[in-house]
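Everything on this sheet refers to the single structure shown next.
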Amino acid sequence: MTELLLYAICFVGTHLILSSNIARQWLRDRLGKVGFLATYSAVAGVTFWLMISAYISAPGIELWHPTGTFYYLAIGVMPLACILLVCGYTTNNPSAMGRKVKDSETIEVSGVYRITRHPVLYSIALWAAAHMLATGSAGAVVFFGALAALAILGSLHLDHRKAQEHGEPWVRFVAKTSNLPFAAIAQRRQALEWREFGVWRMALAIGLFIVMLLAHEPLVGLSPLPMPGT
């Protein structure tokens, strides 16, 4: 368990350090844009692989028993995670790497960005939280907790970095949106327009959820559905 905790800290820590403005600029000045991306990807890949290996070999210490209620709660959030993931990747991303915004430009808010400024990161956070809830082991808390923490901390870091890069246009964009999903809608700063999502995106997201549900046991060896009586 100590090994898993160590690798989880390395995984989260290296992500945050390498994506910080100081480290990012220092490495790009010396390695170039391609070199920096290659280094970032290599470090992320190695630390993630080490964390997975440690999780697989971690002792099965149960912190809570995942009953049927836990399973159904976990399954219940997965369709939203799939919607955020699909729509986040297929909708014009205001925070995309390398995007330049003029001071006079207005960053449009549409589709999934009415829900959150960072749909892909919160998709990962929801996925991780669902699996942590449905597993209940100490290893799962460390492994999936690290992924959820990185996604949430990453969203805050991205907000800070984009505010420095884009200035006033990003400030105006932030005023109309929210980091936390549905917060801007609850505060009436934004309205949910399902038509902007597109039928094909919703169909793709639900299709992805069904595929994940059916393929979970063959690929992972565990059924995502509770057994009768649990």
Side-chain angles (χ1 to χ4, degrees), residues 1-28 30-31 33-64 66 70 74 77-78 80-82 84-85 88-89 93-98 115-165 170 174 178-181 183 212 220:
M1 188 61 66
T2 301
E3 186 180 59
L4 174 58
L5 183 59
L6 176 63
Y7 289 139
I9 293 172
C10 288
F11 175 70
V12 175
T14 52
H15 266 79
L16 296 177
I17 291 172
L18 290 177
S19 60
S20 66
N21 287 335
I22 296 175
R24 189 163 165 263
Q25 191 59 52
W26 189 87
L27 288 170
R28 289 185 67 170
R30 286 154 180 79
L31 303 176
K33 182 178 180 180
V34 175
F36 165 73
L37 291 175
T39 301
Y40 185 93
S41 300
V43 172
V46 169
T47 53
F48 188 49
W49 179 81
L50 289 171
M51 189 170 68
I52 291 175
S53 299
Y55 174 57
I56 293 173
S57 60
I61 304 172
E62 186 176 86
L63 298 181
W64 65 82
F70 285 95
V77 304
M78 284 306 297
L80 176 58
C82 290
L84 292 176
L85 182 70
Y89 273 123
N93 184 359
S95 61
M97 183 181 297
I115 294 178
T116 173
R117 290 190 293 276
H118 308 291
V120 174
L121 291 176
Y122 274 101
S123 170
I124 295 171
L126 285 173
W127 172 83
H131 283 73
M132 183 167 58
L133 187 66
T135 305
S137 69
V141 170
V142 175
F143 180 78
F144 293 112
L147 293 172
L150 179 58
I152 295 171
L153 290 174
S155 73
L156 298 173
H157 170 75
L158 197 56
D159 273 346
H160 176 71
R161 199 176 81 203
K162 290 302 175 181
Q164 293 181 321
E165 291 178 357
W170 187 261
V174 166
S178 63
N179 183 309
L180 185 67
M212 291 172 66
V220 182

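Source: prediction; values computed, not measured. For this chain, numbers begin at 1 and follow the sequence in order.
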Might you point out which heavy atoms bring [X] and [Y] nearest each other, and give the distance in Å?
X: Ile115; Y: Ser178; answer: O-OG, 3.4 Å
X: Ala130; Y: Ala74; answer: O-CB, 3.3 Å
X: His157; Y: Ser20; answer: CE1-CA, 3.7 Å
X: Trp127; Y: Met78; answer: CD1-CE, 3.5 Å

Find the distance between [atom1] ([X]) and [atom2] ([Y]) and round it off to the nearest 0.5 Å.
X: Leu156; Y: Leu180; atom1: CG; atom2: CG; answer: 10.0 Å
X: Tyr122; Y: Leu84; atom1: OH; atom2: CG; answer: 10.5 Å
X: Arg24; Y: Leu37; atom1: CZ; atom2: CG; answer: 8.5 Å
X: Ser155; Y: Leu153; atom1: OG; atom2: CG; answer: 7.5 Å

In a table with atom names and distances, give each donor-acceptor pair under 3.5 Å that connects a side chain of residues 135-148 to protein atoms at least two apart or in another chain.
from   : atom 1 : to     : atom 2 : distance (Å)
Thr135 : OG1    : His131 : O      : 2.6
Ser137 : OG     : Ala140 : N      : 3.1

Report summary line: Hits for side chain to side chain donor-acceptor pair (under 3.5 Å) against Asp159, two or more places apart or cross-chain, chain-then-number order -> Arg117, His118, Asn179
Report task. Mind checking side chain to side chain donor-acceptor pair (under 3.5 Å) for Glu62 and listing every partner two or more places apart, or none if nothing turns up? Result -> none
Query raised in the report: Any sub-3.5 Å donor-acceptor pair from Trp170's side-chain atoms to Arg161's backbone N or O?
Result: no
Query raised in the report: Just by distance, do the side chain of Ser123 and the backbone of Pro119 share a donor-acceptor pair under 3.5 Å?
Result: no
Cut-off 3.5 Å, no hydrogens considered: what does the side-chain donor-acceptor table look like for residues 2-18, sequence neighbours left out?
from  : atom 1 : to    : atom 2 : distance (Å)
Thr14 : OG1    : Cys10 : O      : 2.6
Thr14 : OG1    : Phe11 : O      : 3.3
His15 : ND1    : Phe11 : O      : 2.9

For residues 49-57, which side-chain donor-acceptor pairs fall under 3.5 Å, sequence neighbours excluded?
from  : atom 1 : to    : atom 2 : distance (Å)
Ser53 : OG     : Trp49 : O      : 3.0
Ser57 : OG     : Ser53 : O      : 3.1
Ser57 : OG     : Ala54 : O      : 3.3

